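Only a predicted model underlies this, so the values are computations on that prediction, with no experimental measurement involved. Because only heavy atoms are used, hydrogens play no part in the values below, and waters and symmetry mates are left out as well, while side chains stay in. Chain letters run A, B, ... following the sequence lines, proteins first, then strands; residues in each count from 1.
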2 protein chains.
Amino acid sequence: MTKQLTFKNLPHKTIERLSQYRRALLLCLSNGKTHIFSHEIAKIQHITSVQVRRDLMLIGYSGTLRKGYNIEELINLIGNIIDSEEGINVAIVGMGNLGRALINYFTGKRHKLEIVAGFDTNPDKIGNRFSGVECYSITELNKIIKQKDIKVGIITVPADQTTETAKTLVKAGIKGILNYTPKPIDVPDDVYLEEYDMITTLEKVAFYVKMSDE
Amino acid sequence: MTKQLTFKNLPHKTIERLSQYRRALLLCLSNGKTHIFSHEIAKIQHITSVQVRRDLMLIGYSGTLRKGYNIEELINLIGNIIDSEEGINVAIVGMGNLGRALINYFTGKRHKLEIVAGFDTNPDKIGNRFSGVECYSITELNKIIKQKDIKVGIITVPADQTTETAKTLVKAGIKGILNYTPKPIDVPDDVYLEEYDMITTLEKVAFYVKMSDE
DNA sequence: TTTGCACTGTTATAAATTTAACAACCATAA
DNA sequence: TTATGGTTGTTAAATTTATAACAGTGCAAA
């Protein structure tokens, strides 16, 4: 009869929104705000206040009537849910523009989630650091992944190297893969896979723009 | 009683999958294949064959029993649905790593969808070409958008410039925006907006990796 | 022929997700 | 004191999306 103690069955979309709420809340906090209403969060995220309240209900957080939610408390709670206590190490395979862009985005922002290695085949890149992240040869991938206890791999290699890269990562014992190439990959069931295809998204935007014309 | 002639109410997810089917089909075609079964498409995309058949039903395409779908025909049909006949011009605002990565991805691949301009504030970039795309000063944005009839804008600027960039694009009359910064933006109802946040996705992967441990 | 099989196309059902509806609460003002 | 208004938390309904079930079809083998 007690509240759930694990968060294993939170809806996927709720997990995504929690991450977004946290980012928005951190910004509010840095602006000196201490409390926030559900409709304020909703406005920022382009969703309804009901959805916000429902998500917070699912994680068992209660606000104060007419005062809203305590921003700091909520940030901490979301952290307890989505972060791993001991932190998770991440590697980027493919240090081209996209790989380096991702490193810039992340570096120094999420202390519980750190990019600790980059990999590439280009000898000019190997040995260098990009925003503080060292680039290794892909031939060392297996070794480094184990050495640094890397659990998540981001694939940003050219499309034709995607399949091979994924295999290498899986063989090295990676637990989660985020594939940014347009080529879908196959992974064993025990590896969590998320794929995002920028071309698809742009084509979708173009489609709805076209539709609005007709 | 006739079949639908417009595709305005295709599910959003179907639109996304159509784009992905096409990409997979183009690859198959270049490998010399002429026909494909629903379960083959499904395997590539990590979905079920039912879903594939359902999507194709929605767009009114019929395959041949025991022979599958004609790849070339299907590619053309998908093109008729999601592409705009006269093509759509796209601009990228923010020619950092991410912007340049996107240009590399797209250039020369989608003839009905072309990146025709980049914008930045950095004087070192302005006037240069990146993978054939010229970089203009952001002060010229309004002029160039109209001159080149650009309908879609991709935002890849640093987070703190996001809001301003979005405003500028909207004011210039853009019809669709794809926002890759972690900062949500507001746009009028007649502008189609798609936001994608790389940090959220990585945090999601990390969450499910953490969960699989517990 | 006939039977079985491997597909497609479609309708029916289920699952996931969002939205609506509303009771409960309490600060404030009349 | 009593009403008003704004906000939370929760249950119910609607919508969207995915899955299952199955009829229909025609090739291939017996």
Side-chain angles (χ1 to χ4, degrees), chain A residues 1-4 7-21 25 28 33-71 73-74 77 194-195 200 204 207-208, chain B residues 1-4 7-21 25 28 33-71 73-74 77-78 194-195 200 204 207-208 211:
Chain A
M1 255 351 86
T2 53
K3 286 263 174 189
Q4 59 177 355
F7 297 100
K8 289 216 180 188
N9 28 26
L10 285 174
H12 280 228
K13 298 277 187 170
T14 295
I15 297 296
E16 289 175 15
R17 283 191 297 265
L18 287 176
S19 160
Q20 286 160 0
Y21 296 163
L25 292 170
C28 292
K33 236 167 129 70
T34 62
H35 289 75
I36 194 167
F37 295 126
S38 60
H39 67 259
E40 293 178 293
I41 300 178
K43 183 114 193 295
I44 300 173
Q45 301 298 142
H46 311 132
I47 54 178
T48 64
S49 63
V50 189
Q51 183 124 79
V52 173
R53 292 201 300 276
R54 213 175 187 297
D55 286 334
L56 299 191
M57 184 188 81
L58 291 174
I59 63 172
Y61 185 68
S62 289
T64 310
L65 201 51
R66 299 184 59 87
K67 200 176 172 191
Y69 303 94
N70 181 305
I71 293 179
E73 269 178 30
L74 188 46
L77 176 57
E194 191 82 26
E195 305 200 288
T200 289
K204 187 180 173 192
F207 171 79
Y208 285 106
Chain B
M1 245 5 74
T2 54
K3 286 262 174 190
Q4 61 176 350
F7 298 99
K8 289 217 180 187
N9 28 26
L10 286 173
H12 280 227
K13 298 277 187 173
T14 294
I15 297 296
E16 288 174 17
R17 283 190 298 264
L18 287 175
S19 160
Q20 285 159 2
Y21 297 163
L25 292 170
C28 292
K33 236 168 129 71
T34 63
H35 289 75
I36 193 167
F37 295 125
S38 60
H39 66 259
E40 293 177 294
I41 300 178
K43 182 113 192 295
I44 300 172
Q45 302 298 142
H46 310 131
I47 55 178
T48 65
S49 62
V50 189
Q51 182 122 80
V52 173
R53 292 200 300 277
R54 211 173 187 297
D55 284 334
L56 299 191
M57 183 190 81
L58 291 175
I59 64 172
Y61 184 68
S62 288
T64 309
L65 201 51
R66 297 185 60 87
K67 201 174 170 192
Y69 303 93
N70 180 304
I71 293 179
E73 271 178 28
L74 187 46
L77 176 56
I78 293 176
E194 190 82 26
E195 306 200 286
T200 289
K204 188 180 173 191
F207 171 80
Y208 285 106
M211 276 304 159

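Counting any heavy atom pair closer than 4.0 Å across all strands shown, A:Ser49 reaches no nucleic acid atom.
Between B:His46 and A:Glu195 there is a side-chain heavy-atom pair separated by less than 4.5 Å.
What separates NE2 of A:His39 from P of D:dG6 is a distance of 10 Å, to the nearest Å. Here D:dT7 presents its P atom at 14 Å from NE2 of A:His35, a figure rounded to the nearest Å. Rounded to an integer number of Å, the gap from B:Glu40 CD to C:dC7 C1' is 12 Å. Taking atom CE on B:Met57 and atom C1' on D:dA23, their separation rounds to 15 Å, with Å as the unit. We find that NZ of B:Lys67 is positioned 14 Å from P of D:dG26, with the value rounded to whole Å. With rounding to whole Å, B:Leu18 atom CG is found 13 Å from D:dT17 atom P. At whole-Å resolution of the value, CD1 in B:Ile36 and P in C:dC7 are 13 Å apart. Taking atom CZ of B:Phe37 as the reference point, atom P of C:dT8 lies 7 Å away to the nearest angstrom.
Remark: B:Thr64 is not in phosphate contact with C:dC7, judged by side-chain N or O atoms under 4.0 Å from OP1 or OP2.
Distance check, rounded to the nearest 0.5 Å: CG of A:Leu10 to CG of A:Leu58 gives 6.0 Å. If you take CG on B:Leu18 and CG on B:Leu77, they are separated by 8.5 Å, rounding to the nearest 0.5 Å. The structure places CG of B:Asn9 at 10.0 Å from CZ of B:Phe7, a figure rounded to the nearest 0.5 Å.
When the options A:Ile41, A:Thr14, A:Ile36 are evaluated for a side-chain contact (heavy atoms from CB on, under 4.5 Å) with A:Tyr21, the one that passes is A:Ile41.
Screening residues 40-69 of chain B for salt bridge (charged side-chain N to carboxylate O under 4.0 Å, His left out) gives B:Arg17-B:Asp55, B:Lys33-B:Glu40 as the qualifying pairs, with residues at least two apart or on separate chains.
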I need a per-nucleotide contact map over nucleotides 14-25 of chain C, read 5' to 3'. Cutoff is protein heavy atoms under 4.0 Å; write B for the base, S for backbone only, - otherwise.
---SSBB----B

